[in-house]
Structures are given as structure tokens and as C-alpha cells.
Amino acid sequence: MGAFTARRAAIEALTQFRSVAPRINFKETPISAIYGSNVFNEDVQRQRLPKQIFKKLQQTIKRGVAIDPGIADIVAAAMRDWAVEKGATHYTHLFYPMTGLTAEKHDSFVSPEGCSAILEFSGKELVKGEPDASSFPSGGLRATFEARGYTAWDPTSPAYILENPNGITLVIPTAFVSWTGEALDKKIPLLRSMEALSNQAMRLLKLFGNNTATTVFTTVGPEQEYFLIDRNFYFARPDLINCGRTLFGAKPPKGQEMEDQYFGSIPERVLACMLEAEQELYKLGVPVKTRHNEVAPAQYEIAPIFEDSNLAHDHQMLTMETLRRVAEKYGLSCLLHEKPFARVNGSGKHNNWSMSTDLGENLLNPGDTPHENAQFLVFCLATIRAVNKYATLLRVAISSAGNDHRLGANEAPPAIISIYLGEQLQDIMDQIEAGGAKSTKTGGHMEIGVTVLPRLPRDAGDRNRTSPFAFTGNKFEFRAVSSGQSIAGPNTVLNTIVAESLDYIATKLEADIKAGKDFNKSVQSLLAALIKENKRVIFNGDGYTEEWHKEAAKRGLPNLKTSVEAIPHLISKESIELFGKYKVLSEKELHSRYEIYLENYKKTITIEGLMTASMARTMILPAAIAYQGEVAASITAAKSAGLKGKPLAEQQKILTELGSAIAGFHQAIDKLDKINEHHAKGDSLAHAKYSRDVVIPAMNAVREIGDQLETMVSDNAWPLPTYREMLFIK
């Protein structure tokens, strides 16, 4: 099958596609009937557990009380019976290793007994599993021959049923720890950071007279951006299969410049896919709320309501997996890479973050008169101080080879971490710094000028999509998180740095109270000092401009443009002291993650470099040479037929330009091959720098000519699905 024939077959298959997925009828089966139906949630626990056992389990889930080992057998039996009634035959301890993905090992409930079998699941099996720890990234925590690792049941994230056409599995979210006690996963540091923040936040709440709350939770609502393209195109692109992004692709005649994709009508097949994905997520208790077209062609978004950070993380991982799995049923491939297509918007995962008490009070809700809400201002400024003081750690938290393509582009904030407050909150901060806040700006109403339309209340502040960390009414939106990554890392860092700021503030106020000072005056004095010390990180303007980059440099704000610059800050003295003080990550655990992040970066670029050379040499170069032969043969035939003069010279010019491009392409491939074969000397950082400084430029040089050839070679001869096809043929 020729190159063009393969592309044409992909397009024909796409146009003839008919989904075999059953029609979803929310009228017959409303959302309320399926929501959480596959979750061993609070209602199920209340029905199936003895009252005292249920009470003890809920204390662990809602108040962070240590789990009572004595309840494990009873909970396990109830969980097994519920799952078996649902049709489950196996169970798995789901965990989140340092790959950034999920991992699972399935075990059967069946226990042979003579010629028959019984179904067993003990408390011991619920509480602890034992997967091989040597086959997951450990950054030196585990050697190859040191294989033992444990999964530990996380009761705060409820077990659920995973449906498959040929079976049902009980899934138990767990933490993953080494035999020597170090965290090998994303969940344990996140839970530790949540506990650290809660402890410090409770100190402050008590100072403000709140003696009813017992715990403070960090809450997250992560928006997920993603691309959907036809699977026929996906399978015809080795770069998408192996790297998650296109390594070649000329700019199409139409991209996103018409601005007609964003919030546009959702294509029928895509909407059908979205509906089924939402149905599956509803069954699993994932509170998805919003869906829409995103800015780039073939790009979409799904967003949930806020949840406890740990549960939000688990649900976010489920969301990504569900999108991938359901897309296949509709002949689509879900792309979660940060930049699958050049020259159009990439994908992020906006991490909407706040703090809430166990009584439901949002500590970042300013209320109607935020200038009088001292508690809100203290928690808000604690966050601002944390971002200012530990901006480099936030940059580390979103580091990856993929996100380096996106940060600073038109759809993403720059690598400079700054905070947007908006007009209302900025005005209050200015008043406090000047001596005390006396008023709050209000937005009023908008006069649209059409009688039949309602008067709309105007928000007191605008939004700023160029800011990496923006206050958006009652939360902060960390916009720099990348689409394919686990949100555990960014939230672990965010929780820990805010815990340190809350600790700092509580210590200051406690000392003032002990010294007999007036509490309200101490708060006002401290607020003014915090603003003065940390206002350099506040920027309400356009983060894309060159002027801001110059201004940020004057302010002393770090601008870590690549992951290779950022990652070493993870093991700085300041970082080690911070994470150690709050028992979130030990020095050994930090060093392991440092090695893993650098190794992942290097391996990602190595794979991309090898794939670039392979596609260039085995797909694009042969197509270009074959087309060159066709052009040469045509010119020879034309010359034999008597063509001469300028018409012949123009055709020979085409051949010369094509030959020159092919020669340059071959030279660039040879250079990349040599670079791919070479290995940098030194440690992990040296290897990562080599990937950034040597491999990536060589890849880009090959791509530049490869994309040029796409515009020169006959469409009939081009071997790869093009951007104009992948992004626009639905």
C-alpha cells in the first residue's frame, strides 16, 4: 500500500465510521440514579457496616483519625460482598508510582477448597498488598535486587467497581511504600502535605476564635484539556504512538487564527464520546460539571467540581484513563500530551486550589466585604507569601519535557511564577499597605443597551489568562500544570509551602498574644508587613509581554525557562529544610525524585530523537526521493518533447530546490543519528543538559526541513497524515 493510499484509506475509514456504542438515554436512567453507583461510598458503608465500625471508618475519612486495625476484617467482608453482588471476580490495589501513571495487580477472590471454591477477602488483604518495587522508578531508593514494596489501603479514597466487557474488578486506592519506609508514589507525599497544612491552618483558626472546626482540607478542581483525533490518523503517525506528540507537521492553511473553535458547536461524534465518558465518571462518583470546545482545533475540556485534594487527584487520574478508554469506542484517540501539535495551542490542567474546614467554610472566600474579613486576608496573604518565597519549587512541580513546549506560548502562562489578584483584591492590598483597608470595590452592573436583556452584575475584577497563579473569586488557579501530569506533585508543593507560611503567621501572632498585644492590631500590622515583603510577586498585567519579563528580572523573580534549569532546585538546602520540617519528603526521598525527574526528561528526549531520525529516514526521505525521481522523469520527458527556454528552466529550478532540500535533510538526519548514538558523560543533570542543548536543536533542524519538504512533495506521495487532516476532519 503506497503512502497516499494509506492516508486515503484512513480518511475513508473515518468518513464511514459508525459507533457501535449503545445509545445513552439519561431520561430512562437519570444521572441521579447512576451517580456513585459503582462506589463503596458513605451511603453503602452506612448500609453494610455495623454502626460502630461505620462511625470509626468515617472518623478516619473525615477527621483524619488513625485507622483502627480491628475494623479491617469487617470492612473487607462488606466490601467483598458488595463487589461480588456487582459481579466482581477480582480485586486490585491501585497505586500511583513515580511514572505519573496508575499501576495495578489483580488478584482473584477465589480460594480453592477441594473440588469447589469459596470467595475470600480478608482485612489483611484489604490493608496491605505487595507488588514488586524494583520495577518502578525509585531514583536510587531501591536497587534492582531489592524488590519488596507494599501498598497500603487509603480509606479516605473510596473503593469502586471497574466495569469491563468481560468482567468486573474491585479497585482499592492505595499508597505505595518501600520495604525501608520511603514513599515510592505520588499519594503519600500529597497526604502528608495535606496533614501539614491542616495542622498549621488549625492554629490560625483557633486564634480567630474558631473552636468548632477540627480539620482543614485543601480542595482542588482540576480542569482537563485534551485533543481527540481519529484513530486511523493516530495509527498512521508513529510519533503520536510512541511520543504522544507530532515530531513533524507543516503549518496548515488554517489553524486557530479564525478563533472559531473555542466554545463552538461540539461535533456529534465527539459529543457522543463525551456523554459516555461522563456517564462512566458519574458511576464512579467523579463530579464532572463542564464540557466545551477549547481554543485549538480538535481540542476540548472537561472540568469537575471541587473535592478534597486526595480524592480530586484519584478522580483526575480516573478521568484521564476514562477519556482514553471511551474514546476508542468512538474511533477516536485521546491525546493528553502538553503539545501534540506545533503552532496551535497545547493543553494544560488548570489546578483550582483552595482551603476548607471540615464544616464546609471556604477559607479563601472573601465574602461581601473582604476588607473587613481579616481571616480571609490572612489566609490569602499566606498563599501569596508562599508563592513568592517558593516560586522555584512551584516551577519544579510542573516540570517536564512536554510542558517546556507549552509554557510561555500563547495558551499558557510564562515560566515566571507571578500572582494575579484582580482590581478588587489589589485595591484592598494597597489600602492595607497604606495604613488600613476602609472599603471594597464593587463591580456594579453592566448596561448592555438592549431592553429585553437582563442587567448583569459585573464582577469586581477581570480574569487574566496570562497569569500562572491567579485569584479567581474564592480560590487560586494554578494554570501552569500540564495536561498529562498527575496533580499530586503540584498540590504537594502548594500545600507544603502554604503550610510553612501559615506556620510563620501563626507563630508571629501567638508571640504577640503571649506578649499581651491586641490581636486585631497585630493582625493589621502583620498584613501590612506581608504585603510589603511579598508584593513583588503580584502582577496584574499581560504576562506575555517582553516588558514584563524585563520587569520580573528587576524584581528578582526567577525565570526558569526549561525543566533542566528548574529541577535542581528540588534538592536545594531550602527545599530539603522545608519538606523535612513538615515531614512531607525526606532528603532521601527528594533526591530520588530529583533523579527520576531528570531521568524522565532525558529518556523522553532520547525517544523523541530516535523517533525523529527513524521517521525522517524511513518515511519522509524515501517519499521525497521518489517524488524527486518523478519530477526528474517528467522534466526529461518534457525536454525530449521539445520544451526549452524559460519553461524548462523553471521546471529544472523546482528539481534543484527539491534536491537541495533533500540533501540538507539527509545531512541533518546524519547529524542527529550521531548525536543519538553519543551519550553525555557525568551525572543525571549532565545527561539532561545534553538532551536539552544538543539533541533537541538537532531534532528541530531535522523537523524544519522535513516540514519544508511536506510543502514541496506531491500530496499523493506524502506518507504522514497532515495537520489539515488530523485537526479538521472529524
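Only a predicted model underlies this, so the values are computations on that prediction, with no experimental measurement involved.
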Does the side chain of [X] reach to within under 4.5 Å of the side chain of [Y], using non-hydrogen atoms?
X      : Y      : value
Glu361 : Asn210 : yes
Cys334 : Leu228 : yes
His315 : Pro304 : no
Arg231 : Glu328 : yes
Thr156 : Asp308 : no
Pro490 : Leu394 : no
Asp404 : Tyr601 : yes
Phe306 : Asn362 : no

Nearest 0.5 Å please: distance from the [atom1] atom of [X] over to the [atom2] atom of [Y].
X      : Y      : atom1 : atom2 : answer
Ile188 : Ser193 : CD1   : OG    : 12.0 Å
Thr102 : Phe95  : OG1   : CZ    : 9.0 Å
Cys380 : Asn474 : SG    : CG    : 11.5 Å
Phe121 : Met79  : CZ    : CE    : 6.5 Å
Ser482 : Arg406 : OG    : CZ    : 7.0 Å
Lys86  : Ser37  : NZ    : OG    : 5.0 Å

Check ion pair [X]-[Y] (N to O, under 4.0 angstrom):
X      : Y      : result
Arg203 : Asp503 : yes
Arg48  : Asp81  : no
Glu280 : Lys329 : no
Lys603 : Glu599 : yes
Glu577 : Lys581 : no

Heavy atoms from other residues, nucleotides or ligands near NZ of Lys283 exceed 12 (cutoff 6.0 Å)
yes

Is atom CD of Glu195 surrounded by more than 12 heavy atoms (other residues, nucleotides or ligands) closer than 6.0 Å?
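Counting neighbours around CD of Glu195, 12 or fewer heavy atoms of other residues, nucleotides or ligands fall under 6.0 Å, so no.
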
Residue pair [X] / [Y]: nearest heavy atoms and the distance that separates them:
X      : Y      : answer
Asp314 : Pro173 : OD2-CB, 3.8 Å
Thr169 : Thr92  : CG2-CG2, 3.9 Å
Ala213 : Leu359 : N-CD1, 3.8 Å
Leu57  : Pro155 : CD1-CB, 4.0 Å
Cys273 : Ala327 : SG-CA, 3.7 Å
Ile53  : Val75  : CG2-CG2, 4.0 Å

Check whether [X] reaches the backbone of [Y] with its side chain - one donor and one acceptor, N or O, closer than 3.5 Å.
X      : Y      : answer
Glu225 : Gly348 : yes
Thr496 : Thr492 : yes
Asn600 : Ile596 : no
Ser178 : Thr180 : yes
Thr174 : Asp154 : no
Ser501 : Val498 : no
Lys62  : Thr215 : no
His93  : Glu125 : yes
Glu223 : Glu301 : no
Asn495 : Leu197 : no

Side chains of [X] and [Y]: donor-acceptor distance under 3.5 Å anywhere?
X      : Y      : value
Ser157 : Asn310 : no
Ser354 : Asn352 : no
Ser486 : His313 : yes
Ser347 : Gln299 : yes
Glu276 : Tyr330 : yes
Gln45  : Gln58  : yes

Under the salt bridge (Lys or Arg N to Asp or Glu O under 4.0 Å) criterion, do Arg593 and Glu589 qualify, and how do the steps go?
CA-CA 6 Å; Arg593 280 148 180 80; Glu589 288 170 332; 5.5 Å; no

Assign the ring pair [X] / [Y] to parallel, tilted or perpendicular, where the plane angle (0 to 90°) is split at 30° and 60°.
X      : Y      : answer
His90  : His106 : tilted
Phe136 : Phe176 : perpendicular
Phe478 : Phe469 : tilted

Residues Phe217, Asp358; criterion side-chain contact (heavy atoms from CB on, under 4.5 Å); working and verdict
CA-CA 7 Å; Phe217 296 96; Asp358 56 332; 3.9 Å; yes

Test side chain to side chain donor-acceptor pair (under 3.5 Å) applied to Ser309 and Asn491, step by step
CA-CA 8 Å; Ser309 292; Asn491 284 293; 4.8 Å; no

Is there a side-chain contact (heavy atoms from CB on, under 4.5 Å) between Ile302 and Tyr226 once you walk through the steps?
CA-CA 8 Å; Ile302 183 172; Tyr226 60 98; 4.1 Å; yes

Reference residue Tyr160; test side-chain contact (heavy atoms from CB on, under 4.5 Å); the match among Asn41, Leu94, Leu170, Ile172:
Leu94

Between Leu364 and Trp353, does the side-chain contact (heavy atoms from CB on, under 4.5 Å) criterion hold? Intermediate values first, please.
CA-CA 9 Å; Leu364 289 179; Trp353 179 92; 4.0 Å; yes

My understanding is that only residues two or more places apart in sequence, or in another chain, count here; which of them pass side-chain contact (heavy atoms from CB on, under 4.5 Å) with Glu587?
Ile576, His591

Test side-chain contact (heavy atoms from CB on, under 4.5 Å) on Ser483 and Gln224; report intermediate values, then the result.
CA-CA 6 Å; Ser483 56; Gln224 175 70 62; 3.8 Å; yes

